[in-house]
Amino acid sequence: DDEINAIMSETGFDKLMEHVPDFAQNTLKQSSGALEPKVNSALSKAFNQSFASSAIRKDVVAVIKAHYDEKQGPAYLQKLRSPLSKKIAELERNTNNPANRDDFIANRITDFGVDMQTAFFKAVFTAVNPVMEEDMRVGDSEMEKMVNEVRQSFSDAYKEGTQLSYLYTFRNVSDQELEEYIKLCESSEYNWGVQLLGNAMISALNQAAERAAVLMGQSNQ
């Protein structure tokens with residue numbers, strides 16, 4: 001537990017989980033404008049309950065514990081604590097948008113950012129579905145198609161934004177340090193940690209979406 005807590009702290013994952021309720025509500029505001037005020041209100045309440053930081057953290061920790069590797073974990077933590085890793089993390093924090101400055105350090109990975117944004121919008125689709133008229137509800141295949149379209153739109157935007165961010169963030173980093181950092185990021189330990197944390201978060205968001213859908217279904221009875 002101590003190692004898991006240290007990993008979540010030093011990657012900034014703890015900070016990220018604090019922001020999840022706000023991210024969820026912001027996504028809801030962006031995507032639910034056409035819904036009736038009563039439905040919007042019910043959705044907001046369902047999201048507040050389902051995406052509470054404590055609930056997200058509980059689900060994230062459960063996934064991490066289920067897939068934790070006693071050898072890879074300490075090795076990943078050692079990579080995070082290396083002087084170079086700390087330097088890059090500090091550079092990224094300093095160049096982030098002030099509103100997101102405390103967001104998790106490893107969010108430098110475009111795919112994870114896209115996955116998170118997609119998961120929030122999928123949550124809206126999933127939660128709204130139970131309260132739609134029966135002939136308006138979407139099946140699994142249609143839901144998947146909608147989610148993929150959202151993912152693609154985010155992917156295009158994220159790639160461009162991430163590339164510009166990298167150019168600015170790393171402008172004063174030497175070529176040698178960049179080469180060392182690339183090796184660090186491509187190491188098996190680092191990849192293990194990033195994948196584990198990413199999978200845990202997406203799993204937690206999907207579980208939150210299901211909770212919101214259940215609450216919306218109950219409100220519609």
Side-chain angles (χ1 to χ4, degrees), residues 7-35 39-64 89 92-129 131 143 146-162 164-165 169 193-216:
I7 287 173
M8 290 199 296
S9 174
E10 296 190 29
T11 54
F13 228 71
D14 281 337
K15 293 290 186 182
L16 176 65
M17 287 185 284
E18 290 177 9
H19 291 300
V20 164
D22 291 335
F23 292 155
Q25 288 294 331
N26 287 338
T27 302
L28 192 55
K29 290 176 183 176
Q30 293 175 41
S31 55
S32 59
L35 298 174
V39 176
N40 262 330
S41 178
L43 267 174
S44 182
K45 291 178 181 177
F47 267 47
N48 273 336
Q49 184 173 336
S50 302
F51 287 91
S53 295
S54 57
I56 296 297
R57 182 183 177 84
K58 179 182 177 182
D59 291 338
V60 165
V61 170
V63 173
I64 292 176
E92 292 190 336
R93 279 197 297 270
N94 290 337
T95 55
N96 278 346
N97 184 305
N100 301 320
R101 190 163 289 158
D102 290 331
D103 288 356
F104 112 104
I105 296 165
N107 201 17
R108 64 178 68 98
I109 299 166
T110 304
D111 288 343
F112 178 71
V114 171
D115 286 344
M116 271 201 69
Q117 287 283 66
T118 303
F120 283 121
F121 274 90
K122 181 181 178 181
V124 177
F125 299 153
T126 302
V128 169
N129 212 32
V131 299
M143 177 77 75
M146 291 165 63
V147 170
N148 286 336
E149 288 174 354
V150 169
R151 181 187 300 277
Q152 187 58 51
S153 67
F154 280 131
S155 181
D156 294 341
Y158 256 84
K159 284 177 182 177
E160 181 178 357
T162 301
L164 293 173
S165 175
T169 300
V194 168
Q195 185 173 7
L196 177 62
L197 290 171
N199 289 344
M201 176 56 75
I202 301 306
S203 173
L205 295 179
N206 287 335
Q207 290 180 70
E210 293 298 332
R211 288 195 293 270
V214 169
L215 290 171
M216 290 301 293

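Because only heavy atoms are used, hydrogens play no part in the values below, and waters and symmetry mates are left out as well, while side chains stay in. Remember, it's a predicted structure, so these values are computed and weren't measured experimentally.
Between Ala55 and Ser50, the shortest heavy-atom contact is CB-O, 4.1 Å. The shortest heavy-atom contact between Phe51 and Ala24 is CG-CB, 3.8 Å. Scanning both residues, Ile64 and Ala200, for their nearest heavy atoms gives CG1-CB, 3.8 Å.
The side-chain hydrogen bond (donor to acceptor under 3.5 Å, both in side chains) check on Asn148 picks up nothing, with sequence neighbours excluded. Residues satisfying the side chain to side chain contact (heavy atoms under 4.5 Å, CB included) criterion with Ser203, sequence neighbours excluded, are Val63, Gln207. Residues passing the side chain to side chain contact (heavy atoms under 4.5 Å, CB included) test with Asn199 are Gln195, sequence neighbours excluded. By the side chain to side chain contact (heavy atoms under 4.5 Å, CB included) test, Ser53 is found to be paired with Pro21, residues two or more places apart in sequence or in another chain being considered. By the side chain to side chain contact (heavy atoms under 4.5 Å, CB included) test, Val61 pairs with Met8, Arg57, Lys65, sequence neighbours left out. Not counting sequence neighbours, Phe125 has no partner by the ring pair (Phe, Tyr, Trp, His ring centres under 6.0 Å) test. For the side-chain hydrogen bond (donor to acceptor under 3.5 Å, both in side chains) test, no residue two or more places apart in sequence or in another chain qualifies with Gln49.
Using a 4.5 Å heavy-atom cutoff, the side chains of Phe47 and Leu215 are not in contact. Taking the side chain as every heavy atom from C-beta outward, Ile56 and Met201 approach each other to under 4.5 Å. Taking the side chain as every heavy atom from C-beta outward, Met216 and Val39 approach each other to under 4.5 Å. In this structure, Lys29 and Asn40 have side chains that are not in contact, with every pair of non-hydrogen atoms separated by 4.5 Å or more. By the 4.5 Å heavy-atom criterion applied to side chains, Val20 and Leu205 are counted as neighbours. Residues Met146 and Phe121 are not in side-chain contact: their nearest non-hydrogen atoms beyond the backbone lie 4.5 Å or more apart.
Atom CG in Asn206 sits 8.0 Å away from atom OG1 in Thr126 (nearest 0.5 Å). Taking CD of Gln117 as the start and CZ of Phe112 as the end, the distance is 10.5 Å to the nearest 0.5 Å. Taken from CG in Leu43 to CD in Gln25, the straight-line distance is 9.0 Å, to the nearest 0.5 Å. Distance check: Thr27 OG1 to Asp22 CG gives 10.5 Å after rounding to the nearest 0.5 Å. Annotation: the span from Ile202 atom CD1 to Lys122 atom NZ amounts to 10.0 Å, rounded to 0.5 Å.
Using the six-membered ring where Trp is involved, Phe120 and Phe23 have ring planes that are perpendicular, over 60° apart on the 30 and 60° scheme.
For residues 197-212, every residue pair satisfying the salt bridge (charged side-chain N to carboxylate O under 4.0 Å, His left out) rule, not counting sequence neighbours, is listed here: Asp59-Arg211.
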